[in-house]
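Before any comments, here is the structure.
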Amino acid sequence: MTAAVARETAAAVARETAAPTASGHPGGPADSAPAQPDSRSGASTATVLRPGMQSTVQDWPGRVGYWHVGVPPSGPMDDLSFRLGNRALGNPEGAAGLECTLRGPALRFDTPTWVCVTGAPVPVTVNGRPVRQWRSVLVPAGGVLDVGAVRGPGMRGYLLIAGGIEAPEYLGSRATFTLGRFGGPRGRALEAGDVLTFGAPTGRVSSGVPGERQPVLTHRWELAVTEGPHGAPEFFTRADVDTILGTDYEVHFNSDRTGVRLVGPQPRWARLDGGEAGLHPSNIHDTAYSVGALDFTGDTPILLGPDGPSLGGFVCPVTVVAADRWKLGQLAPGDTVRFVPVRADRAASLHATGPDRRADWPMVLSGGGDGDDGVLARRETEDGTAVTYRRAGNDGVLIEYGEMTLDLGLRARVHALHEHLLARAEPGITELTPGVRSLQVRTDPDRLPAAALLDLLAEAQTALPAAEELVVPSRTVHMPLSWDDPATREAITRYTHGVRADAPWCPWNIEFIRRMNGLASVDEVFDTVFAAEYLVLGLGDVYLGAPVATPTDPRHRLVTTKYNPARTWTPENAVGIGGAYLCVYGMEGPGGYQFVGRTTQVWNHASSGIGEEPWLLRFFDRIRWYPVSAAELLDLRADFAAGRGELRTDDGEFRLADHRAFLAENADSIAAFRARQSEAFATERESWRAAGEFARVREAAG
C-alpha cells in the first residue's frame with residue numbers, strides 16, 4: 001500500500017466513525033464526496049472468506065422479457081435499498097451487487113475499493129474496525145470487509161461495490177435465480193473461496209445515502225395495494241375483501257424469494273368451486289401473475305416475490321404497487337402486514353428514490369382505493385365475445401376473453417392480440433405474457449399510463465382478425481413418459497408423511513384420477529393419456545418453459561383437482577394433471593397437479609442463454625407421449641443433461657376452423673363423455689362431503 005493510499009484509507013475510516021454533523025451525516029453535507037482511491041491497474045477482485053447466508057449476485061431490474069416462458073425477473077428483493085447504495089457509489093442504479101439474507105459475507109479486497117452496505121441494520125467492520133451502514137466506505141487493498149448478522153427489523157442486507165460486480169450475463173442479466181441454476185457465480189449463492197470481479201468505477205462517489213432517503217424498516221408493515229385482478233363479487237365476497245384489507249396478517253417462517261407466506265383468516269369465497277380449472281374456488285384457468293400479487297393458493301395467502309412463478313391457476317385479489325414492493329424483501333417471520341388500498345394513478349413512481357416515494361414513512365397515507373373491484377373496463381368483440389380488462393397492479397393490465405371455460409377459440413383471440421402488440425412494439429410496454437384465456441400486459445406507467453393503455457388496447461381489438469381465421473405453426477413433439485415413475489411415487493410418499501396423510505389422492509394419484517373421471521380401470525387412464533394430443537397453451541406454468549397443455553379432443557380431457565395444501569417437493573419434469581390441464585414441471589419445487597409420470601427436460605440448462613433458446617416448447621406445439629421405462633428415462637435424461645438429447649418433431653399447423661369442425665362432427669360422443677365425467681366428479685365430491693373432506697376443501701364457502 002502506498003503512503004498516499006494509506007493516508008486516504010485512514011481518513012475515510014475516520015470519517016465513518018466520526019460523530020455526525022448538524023446535517024446528520026458524518027464528515028459534512030450530503031453532497032460532499034470523499035476523495036477517490038488511486039488509479040487501478042487491471043481488474044479488481046475480492047475473495048469470499050465467509051459467504052454469509054444466501055448471499056447472491058443481483059442486478060436491477062433483473063431478467064426482464066422472459067416472463068412468458070417462466071423466467072422470473074429475480075433481482076434485489078428490496079430494490080430500493082439496492083438502488084440507493086449504487087447511487088451513493090456513482091454506479092448505475094442497476095449495477096450488480098450482493099443481496100444477503102439474515103447474515104452478510106466477509107470479503108478480502110485486493111485493491112482499494114469503495115463499498116456501501118444498505119438494507120436491514122447489520123454491524124459492518126473494515127479490518128475489525130466498525131464503519132457505518134448507508135455510508136460510502138473505502139476498503140484498503142488487502143482489507144477485509146465483514147458484514148454481520150441482521151439485528152432487525154428487516155431480513156436482507158445489500159453490499160454495493162463501486163464499478164459493480166462483473167459476472168456472465170444469462171438472458172440479459174447477471175441476477176441469480178438459484179432455483180433455475182443460472183446467474184451470478186454458476187447459478188448459486190456465494191461459497192467460501194469464490195472470487196468476485198468488479199468493473200471500473202464510472203461515477204463520483206458521494207458520502208453515502210442521506211438519512212431522509214433511507215427507507216424505514218419496522219415489524220409492523222403497511223403495504224400500498226391496488227384492487228385486482230380478481231376481487232369481489234366474482235371470486236371473493238365483499239366480506240372477504242373487507243377482511244383482507246382490515247386484517248393484520250402475520251408473516252410465516254416458510255417464506256423466501258419466491259413468495260412471502262402469510263397467516264390469517266380464510267376467505268368464505270363467492271363461488272362453490274373453480275369448474276374446469278379445479279375443485280377449489282380459488283382455482284382459475286392459468287393466467288399470468290404479477291410480482292407483488294397476493295395469491296391465494298387454496299386458502300393460503302402468499303405475496304409473490306421476484307423469484308415467483310409467472311403463470312398459475314389461482315386468484316389474486318390485490319397487488320402491491322411497484323414502488324412498495326421493496327418492502328417484501330424486508331418482511332421477517334412474525335412481522336405483521338396490513339394492506340392499504342390506494343388509487344393506481346396516485347401510486348408513487350417506481351423510479352423515485354427520494355421523498356416522492358415516501359419510503360421514510362412507516363405508514364401508507366391513502367384516501368382509499370379505486371373502488372372498482374379491479375375491473376378497468378368491460379367490452380365486447382364484434383361477434384359478442386366478452387372482454388374484461390383487469391388491473392394487475394399499478395403497472396399492468398390483465399385482458400380476459402369470454403366466460404370461465406376452456407375454449408381454444410379464446411386462446412386464439414389471446415394469440416392474435418399478443419402477436420399484434422409484439423408487432424406494434426409500443427415503448428411503454430415491458431412484458432407480454434399469455435395465459436389460457438388471458439393476456440397480461442406489463443407497462444412502465446410513467447411512459448404509458450393505464451388510461452392510455454386501455455385506449456391502445458381498444459384500438460388493437462378493432463384491428464384483430466376474426467378468431468376463426470387463426471392459423472399458427474404447430475409442431476408435434478414426441479416426448480417420452482415414464483408412467484407412474486418412482487420419483488413421483490417418492491413425492492407422494494413425502495407428502496403423505498410430511499404434509500397430509502388423509503388426502504383422497506393418496507397413496508396413488510392415478511387411482512384418484514380414475515375415480516374422478518369415472519373410468520373402469522387405471523389402464524384406461526394410461527390409454528387416455530397416451531392417445532391424447534396435448535396442445536400447449538402457455539409456458540412457464542411452474543417455471544422454465546414448463547407447458548400448460550390440454551387435449552385437442554375433449555374426450556381425452558381428464559379432469560381432477562389440485563393438491564390442497566400443495567406439495568412441498570416435486571421432482572424436476574414430473575408430469576401431472578390439474579383441472580383439465582397437463583403440466584410438465586420445469587424444475588424441482590412445490591406443486592399441486594396429480595402425477596401421471598415423468599419425462600425429459602423441457603429446459604436446456606447447458607444453454608448459455610446467448611443467441612439460443614433454452615426452452616424446448618413453443619405456444620401451440622402439440623405433445624404426443626410414448627411410453628418408456630423408468631430406467632430408460634434416466635438414460636434419456638442423462639443424454640439431455642449432457643447436451644446429446646434429441647426429440648422427434650413434426651412440423652404442422654393448427655387451424656381453429658378445422659378444430660371447430662371436429663368438435664361439431666363429434667358433438668354427441670363428446671357430450672356423452674362429459675356427462676359420464678360430470679357424474680363421476682359429483683359422486684367423488686359427495687363421498688368427500690360424507691367423509692368431511694369437502695368441508696376441508698370448501699371451508700366455509702357453502
Checking Arg442 side chain against Ala392 main chain: does a donor-acceptor pair fall under 3.5 Å?
yes
Between CZ of Arg644 and CZ of Phe640, what distance do you get to the nearest 0.5 Å?
11.0 Å
Residues Arg390, Glu400: salt bridge by 4.0 Å N-O rule:
yes
Are the charged groups of Arg676 and Glu679 less than 4.0 angstrom apart, N to O?
no
Could you walk me through whether Glu533 and Asp553 pass the side-chain contact (heavy atoms from CB on, under 4.5 Å) test, one step at a time?
CA-CA 7 Å; Glu533 174 187 80; Asp553 186 341; over 6 Å; no
Between Lys562 and Tyr581, is NZ or CZ placed under 6.0 angstrom from the six-membered ring centre and within 45° of the ring axis?
no
Using a 4.5 Å cut-off on heavy atoms from C-beta on, say whether the side chain of Phe296 contacts that of His230.
no
Are Phe530 and Tyr626, when compared by the centres of their aromatic rings, separated by less than 6.0 Å?
no
Could you check Phe314 against Tyr289 for ring-ring contact (aromatic ring centres under 6.0 Å, His included), going step by step and ending with a plain yes or no?
CA-CA 9 Å; Phe314 296 103; Tyr289 289 136; 7.5 Å; no
Indicate whether any N or O donor in one side chain lies under 3.5 Å from an N or O acceptor in the other, for Asp307 and Thr258.
no
When rounded to the nearest 0.5 angstrom, what is the spacing between CZ in Phe595 and OH in Tyr563?
5.0 Å
Side-chain ion pair, Glu234 and Arg378, N-O less than 4.0 Å:
yes
Would you say Arg174's side chain and Gly183's backbone share a donor-acceptor pair under 3.5 angstrom?
no
Got a second to check how far Gln594's CD is from Leu582's CG, nearest 0.5 Å?
12.5 Å
Hey, is CD on Glu632 packed in by over 12 heavy atoms from elsewhere, all under 6.0 Å?
yes
Distance only, no hydrogens: is a donor on one side chain within 3.5 Å (strictly under) of an acceptor on the other, for Thr493 and Glu490?
no
The single option from Leu421, Leu417, Leu422 passing side chain to side chain contact (heavy atoms under 4.5 Å, CB included) against Glu419:
Leu422
Applying side chain to side chain donor-acceptor pair (under 3.5 Å), run through Thr319 and Ser290 and close with a yes or a no.
CA-CA 7 Å; Thr319 306; Ser290 303; 5.0 Å; no
Does Ser173 use its side chain to pair, donor to acceptor, with the backbone of Ala175 at less than 3.5 Å?
yes
Mark yes or no for whether Glu431, through its side chain, and Gly65, through its backbone, hold a donor-acceptor pair below 3.5 Å.
yes
Once you round to the nearest 0.5 Å, how far does OG of Ser521 lie from CZ of Phe526?
11.5 Å
Of all heavy-atom pairs linking Tyr66 and Leu171, the shortest is CE1-O, 3.4 Å
First locate atom CD1 of Ile577, then atom CD1 of Ile510, and finally report the distance between them rounded to the nearest 0.5 Å.
9.0 Å
Do other residues, nucleotides or ligands put more than 12 heavy atoms under 6.0 Å from the CZ atom of Arg655?
no
Taking atom types as modelled, find out whether Asp541 and Tyr593 have a side-chain donor-acceptor pair closer than 3.5 angstrom.
yes
Keeping Asn517 on the side-chain end and Val559 on the backbone end, is there a donor-acceptor pair under 3.5 Å?
yes
Quick one: does any side-chain atom of Arg622 pair with a main-chain N or O of Glu653 as donor and acceptor, under 3.5 Å?
yes
Is there a donor-acceptor pair under 3.5 Å between the side chain of Asp621 and the backbone N or O of Arg618?
yes
For Phe512 and Thr560: C-alpha separation, side-chain torsions, deciding distance, then whether side-chain contact (heavy atoms from CB on, under 4.5 Å) applies.
CA-CA 8 Å; Phe512 179 70; Thr560 185; 3.2 Å; yes
Only residue of His418, His659, His415 satisfying ring pair (Phe, Tyr, Trp, His ring centres under 6.0 Å) with Phe620 is His415
For Ala520, is there any backbone N or O sitting under 3.5 Å from a side-chain donor or acceptor partner on Glu524?
yes
Can you tell me how far apart CG (Leu647) and CZ (Arg475) are? Round to the nearest 0.5 Å.
9.5 Å
With a 3.5 Å distance limit and no angle check, can you tell me whether Trp615 reaches the backbone of Gly540 through a side-chain donor-acceptor pair?
no
Taking all heavy atoms of Leu633 and all of Asp485, pick out the closest pair and write down the distance.
CD2-OD1, 3.9 Å
Checking Leu432 against His68 for the side-chain contact (heavy atoms from CB on, under 4.5 Å) test, could you report, in this order, the C-alpha distance in whole Å, the side-chain angles of both residues, the deciding distance, and whether it holds?
CA-CA 7 Å; Leu432 295 167; His68 65 292; over 6 Å; no
Worked verdict on Arg660 versus Asp658 for salt bridge (Lys or Arg N to Asp or Glu O under 4.0 Å)
CA-CA 5 Å; Arg660 286 179 168 170; Asp658 292 346; over 6 Å; no
Heavy-atom closest pair (Leu448 atom, Gly428 atom, distance to 0.1 Å) is CB-CA, 4.0 Å
Does Arg411 qualify as a cation-pi partner of Phe619, given the criterion of NZ or CZ under 6.0 Å from the six-membered ring centre and within 45 degrees of its axis?
yes
Looking at Gln601, Arg598, Arg637, which one forms a side chain to side chain donor-acceptor pair (under 3.5 Å) with Glu572?
Arg637
Any donor-acceptor pair under 3.5 Å linking the side-chain atoms of Asp299 with those of Trp269?
yes
Sidechain-backbone polar pair: Asp383 side chain, Thr385 backbone, donor-acceptor under 3.5 Å
yes
What one should report as the nearest heavy-atom pair of Pro73 and Val291 is CG-CG2, 4.2 Å
Is there a donor-acceptor contact under 3.5 Å linking the side chains of Arg555 and Ser669?
yes
What heavy-atom pair brings Thr287 and Ser438 nearest, and what distance separates the two atoms?
OG1-OG, 2.8 Å
Side chain to side chain contact (heavy atoms under 4.5 Å, CB included) test vs Asn509 passes for just one of Thr488, Asp484, Ile492, namely Ile492
Using a 6.0 Å distance limit plus a 45 degree cone around the ring axis, check whether Arg63 lies over the aromatic ring of Phe177.
no
Yes or no on side-chain contact (heavy atoms from CB on, under 4.5 Å) for Tyr401 and Thr388, after CA distance, side-chain angles and deciding distance?
CA-CA 7 Å; Tyr401 284 100; Thr388 305; over 6 Å; no
